[in-house]
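Right, one structure below, let's go through it.
Any value given below was found using the heavy atoms of this structure, including those in side chains, with hydrogens, waters and symmetry copies removed. Counting from 1, the numbers follow the sequence of the chain as shown.
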Amino acid sequence: MEQSKMTQVFGISPEEFKESILVDVRAEIKSLAQNFQPITPPEYLTRIEVAEILKVSLVTLSDWNKKKILNPYRLGNLIRYKRSEIEQALISINSKKIQ
């Protein structure tokens, strides 16, 4: 058998109790909304866009693909790169030059 639980609240009207709950829920929602970071889909770039960003030729870009410096994604005959990975590769390339 299922037992039901009952909570009794004394000294407060149902409207005051309802308002108290709503105030707390609104405060929590406002806190979540302020800290909310929407998930952004990855941005894909063409070979020409990547070459312009890195200021290299398409030949250098192909060489970096072979050396696994960059990670290209193939979609049929198209080659695309994730912007986030390009930024990480740029940081990696610069840190190797400094050492």
Side-chain angles (χ1 to χ4, degrees):
M1 287 191 181
E2 188 177 319
Q3 292 181 344
S4 63
K5 295 183 180 180
M6 185 184 321
T7 303
Q8 293 183 355
V9 180
F10 296 101
I12 188 170
S13 71
E15 291 79 24
E16 291 172 331
F17 184 61
K18 178 182 172 184
E19 190 59 36
S20 173
I21 292 172
L22 287 174
V23 167
D24 290 340
V25 169
R26 286 183 185 128
E28 188 64 28
I29 290 174
K30 186 175 181 179
S31 171
L32 290 172
Q34 288 173 345
N35 298 323
F36 178 72
Q37 296 292 327
I39 297 173
T40 55
E43 180 182 359
Y44 290 94
L45 304 171
T46 65
R47 293 175 64 226
I48 295 171
E49 291 170 332
V50 172
E52 288 175 5
I53 290 170
L54 299 176
K55 307 240 186 293
V56 297
S57 68
L58 293 176
V59 175
T60 301
L61 206 59
S62 296
D63 186 44
W64 286 357
N65 291 343
K66 291 176 188 173
K67 292 180 179 179
K68 304 290 184 195
I69 295 172
L70 299 177
N71 184 23
Y73 293 88
R74 290 194 177 270
L75 304 169
N77 291 333
L78 304 175
I79 297 176
R80 296 291 186 261
Y81 300 87
K82 286 185 181 178
R83 179 179 288 278
S84 59
E85 291 177 3
I86 297 302
E87 292 168 355
Q88 287 300 319
L90 189 56
I91 292 168
S92 174
I93 293 167
N94 285 332
S95 66
K96 288 178 184 178
K97 287 182 180 180
I98 293 173
Q99 295 176 354

Indicate yes or no: at least one non-hydrogen side-chain atom of [X] is less than 4.5 angstrom from one of [Y].
X	Y	answer
Leu70	Leu54	yes
Leu32	Phe36	no
Ser62	Leu58	no
Lys82	Asn71	no

Check ion pair Glu49-Arg80 (N to O, under 4.0 angstrom):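 Looking at Arg80 together with Glu49, the answer is no, because their closest N to O distance does not fall below 4.0 Å.
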Let me confirm one number: the [atom1]-[atom2] distance from [X] to [Y], rounded to the nearest 0.5 Å.
X	Y	atom1	atom2	result
Glu85	Tyr44	CD	OH	8.0 Å
Ile53	Leu45	CD1	CG	5.0 Å
Thr46	Leu78	OG1	CG	10.0 Å

Should Ile12 and Ile21 be counted in the same cluster of Ile, Leu, Val, Met, Phe, Trp and Tyr side chains packed under 4.5 Å apart?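 In one cluster: yes.
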Does Tyr81 belong to the same Ile/Leu/Val/Met/Phe/Trp/Tyr cluster as Ile69, with side-chain heavy atoms less than 4.5 Å apart forming each link?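 Same hydrophobic cluster.
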Residue pair Arg47 / Leu61: nearest heavy atoms and the distance that separates them: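 Closest heavy-atom pair between Arg47 and Leu61: O-CD2, 3.3 Å.
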